[in-house]
Amino acid sequence: MLKGKNIVIGVTGGIAVYKTLDLVSRLKKLNVNINIIMTSSAQEFVKPLSFQSLSQNYVVTDMFKEPKTWDVEHISLAQKADLFVIAPATANIIGKIANGIADDMLSTTVMATRAPVLIAPAMNTNMYENPIVQNNIERLKQLGYYFIDPASGRLACGDYGRGKLAAPEDIVNEIVKILKTCSKSKDLLGKKVIVTAGPTQEPIDPVRYITNHSSGKMGYSLAEAARKRGAEVILISGPTNLKKPYDIKTVDIVTANDMYEAILNHFDDADIIIKAAAVSDYRPSNISNQKIKKSNFDLDIKLTRNPDILYELGKKKKNKILVGFAAETNDLMNNAIKKVNKKNLDFIVANDLSQQGAGFKEETNIVTIIDKKGKIEKFDKMKKDEVADIILDKIVDLLNQE
Ligand code: PMT
């Protein structure tokens, strides 16, 4: 995967610079071509010669030194890179990139590149947790920059907490993941994808509602992965605490009926519909205008069936690709298989809520994909953005069969 790739590594000033030497050595063993740019503070910790010896390339340190090649160095490196990595990344470089400051070789080259950029922060915990740094990180994430979180432990300053540079082997794994994602990045170009995410809320009175534990993470991961692969995405989202993804049209809904209406507004033009939302099957038959007062008696709330949105979409899907989820606490496979057939789905993604690391709220999921021909594929526990890519791979396979 990495053989022959050009990776430019920006090294900024921090004690973790020595770990970047290990990173370079690991990448060289995988036959990656490495170019290094060191800031002046990085050179206070390690001499360019160490990086030059390991990378077997001249290390760039100064904007205004006589260039080793005839072209404009920061532009040529920016264009050459398949991937840009900044490790360790100080609060300073993160702040500069987030605010468009380009005043040295590293910041100008990052500014000029169109390659994906992976940032590996390393700094004191208080600095890392400072809201200014966190806002800069968030801003860059929204703009599509990749981050690998720092590890926790004893820091060079003697404090304990988050801020240690991620382990070189984890950075290598992240590099592989990013390059994989980017290599298939445009296989959904020209496709319009509707993704539903999060829970619905069905009001009982002005202050109470029926809902479930969906955080929206699975649906948001799908929406972001589909956008990265070139699709035009419409994210129809129930109430969640997640930040709205950059560059994705998001329609906020509250109830199952709102969700149904929002999908129908975009259904005709859509090629692919993925229903990751956890929709309430029932809603209170009457919504009280006033907060319901407690009394000495039990309270019965009559519930009315909500539309089964997926079932209704299945009736009118024609050649659109329709993907559902099944969240079950028991008899997962039987229930999921029934849903594929009843709802006329191309495939269903079943997650067993009884397993740890699967389903609601978690960062990970454990899924089984069952298609309409009865093919069953089981997957190990993985992060929700990886599950998203597996689902999209399956969709691309179906598109290629058409
Ligand atoms: O949001 P997270 O915290 O990341 O959690 C992810 C998840 C567990 C919510 C997600 O992976 C998931 O399983 N979503 C579907 C949950 C669900 O409602 O499952 P279900 O088995 O009740 O419904 C089956 C399918 O029918 C789903 O695609 C659902 O969107 C759809 N449905 C259900 C009821 C209804 N009235 N209308 C529907 O369209």
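No experiment lies behind these values; they were computed from the predicted model shown. Read the numbers this way: they start at 1 and go in the same order the structure lists the ligands and their atoms.
Put simply, the side chain of Ile272 reaches to within 4.5 Å of the side chain of Ile274, judged on heavy atoms. Within the 4.5 Å cutoff, the side chain of Ile97 has no heavy atoms near those of the Asn136 side chain. Residues Met259 and Val254 are not in side-chain contact: their nearest non-hydrogen atoms beyond the backbone lie 4.5 Å or more apart. Contact of the Val117 side chain with the Ile119 side chain is registered, since non-hydrogen atoms from C-beta on lie closer than 4.5 Å. Side-chain contact between Lys5 and Ile175 is absent, with no heavy atoms from C-beta onward closer than 4.5 Å. Two residues are said to be in side-chain contact when any heavy atoms from C-beta on lie closer than 4.5 Å; Glu363 and Lys384 fail this criterion.
In this model, a donor atom of one side chain and an acceptor atom of the other lie less than 3.5 Å apart for Asn33 and Asn6. Counting only N and O atoms by type, the side chains of Asp331 and Asn334 include a donor and acceptor under 3.5 Å apart.
Contact atoms of ligand 1 toward Pro307: 35 (C), 36 (N), 37 (N) (distance under 4.0 Å to a heavy atom of the residue). Within ligand 1, the atoms closer than 4.0 Å to a non-hydrogen atom of Ala327 are 13 (O), 16 (C), 19 (O), 21 (O), numbered from 1 in the order shown. In the vicinity of Lys361, heavy-atom distances shorter than 4.0 Å reach the ligand 1 atoms 2 (P), 3 (O). The Ala276 neighbourhood of ligand 1 comprises atoms 9 (C), 10 (C), 12 (C), 14 (N), 15 (C), with distances under 4.0 Å to a heavy atom of that residue. Heavy-atom contacts of Gly359 reach the following atoms of ligand 1: 5 (O), 8 (C) (cutoff under 4.0 Å). Listed by atom number, the atoms of ligand 1 under 4.0 Å from Asp281 heavy atoms are 34 (C), 35 (C), 36 (N). Contact atoms of ligand 1 toward Lys384: 2 (P), 3 (O), 4 (O), 5 (O) (distance under 4.0 Å to a heavy atom of the residue). Atoms of ligand 1 found under 4.0 Å from any heavy atom of Gly324 (numbered from 1 in listed order, with element): 28 (O).
Put simply, no part of Gly219 is less than 4.0 Å from ligand 1, judged by heavy atoms. Not a single heavy atom of Asn306 lies less than 4.0 angstrom from ligand 1. In this structure, Glu362 does not count as a contact residue of ligand 1, since none of its heavy atoms falls inside 4.0 Å of the ligand. For the pair Gly198 and ligand 1, no heavy-atom separation below 4.0 Å is found. Distances shorter than 4.0 angstrom do not occur between any heavy atom of Ala256 and any atom of ligand 1.
Look at Lys394 and Asp346 and you find no salt bridge, because none of the NZ, NE, NH1 or NH2 atoms lies under 4.0 Å from a carboxylate O. Ion pairing of Lys180 with Asp389 is absent here, as no side-chain N (NZ or NE/NH1/NH2) approaches a carboxylate O to less than 4.0 Å. Salt bridge absent: Lys320 and Asp271 never bring a charged side-chain N and a carboxylate O closer than 4.0 Å.
Looking at Ser215 next to ligand 1, an N or O pair under 3.5 Å apart turns up. Residue Phe325 has at least one nitrogen or oxygen atom sitting less than 3.5 Å from a nitrogen or oxygen atom of ligand 1, judged on distance alone. In terms of polar-atom proximity, Ser214 is counted as a contact of ligand 1, with an N or O under 3.5 Å from an N or O of the ligand. Considering backbone and side-chain N/O atoms, Gly216 comes within less than 3.5 Å of an N/O atom of ligand 1.
For atom 38 (C) of ligand 1, the closest heavy atom belonging to the protein is Lys275 NZ, 3.5 Å. Looking at atom 26 (O) of ligand 1, its nearest protein heavy atom turns out to be Lys343 NZ, 3.2 Å. Of the protein's heavy atoms, Met218 CB, 3.6 Å lies nearest to atom 6 (C) of ligand 1. Among protein heavy atoms, the minimum distance from atom 22 (O) of ligand 1 is reached at Lys339 NZ, 4.3 Å. Looking at atom 37 (N) of ligand 1, its nearest protein heavy atom turns out to be Ile309 N, 3.1 Å. Ranking protein heavy atoms by distance to atom 30 (O) of ligand 1, first place goes to Ala277 O, 2.7 Å. Distance from atom 18 (O) of ligand 1 to its nearest protein heavy atom, with residue and atom name: Ala278 CA, 3.4 Å. The shortest contact between atom 11 (O) of ligand 1 and any protein heavy atom is with Asn351 OD1, 2.7 Å.
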Evaluate the criterion side-chain hydrogen bond (donor to acceptor under 3.5 Å, both in side chains) for residue pair Asn212 and Ser214; output intermediate values, then yes/no. CA-CA 6 Å; Asn212 58 65; Ser214 172; 4.6 Å; no
Mind running salt bridge (Lys or Arg N to Asp or Glu O under 4.0 Å) on Asp393 and Arg229 for me, showing each step along the way? CA-CA 10 Å; Asp393 285 347; Arg229 292 168 76 147; 2.8 Å; yes
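To the nearest 0.5 Å, atoms CE (Met111) and CD1 (Ile101) are separated by 8.0 Å. A distance of 12.5 Å separates CD1 of Ile7 from OG of Ser55, quoted to the nearest 0.5 Å.
When the heavy atoms of Val349, Asn365, Val279 are ranked by distance to atom 35 (C) of ligand 1, first place goes to Val279.
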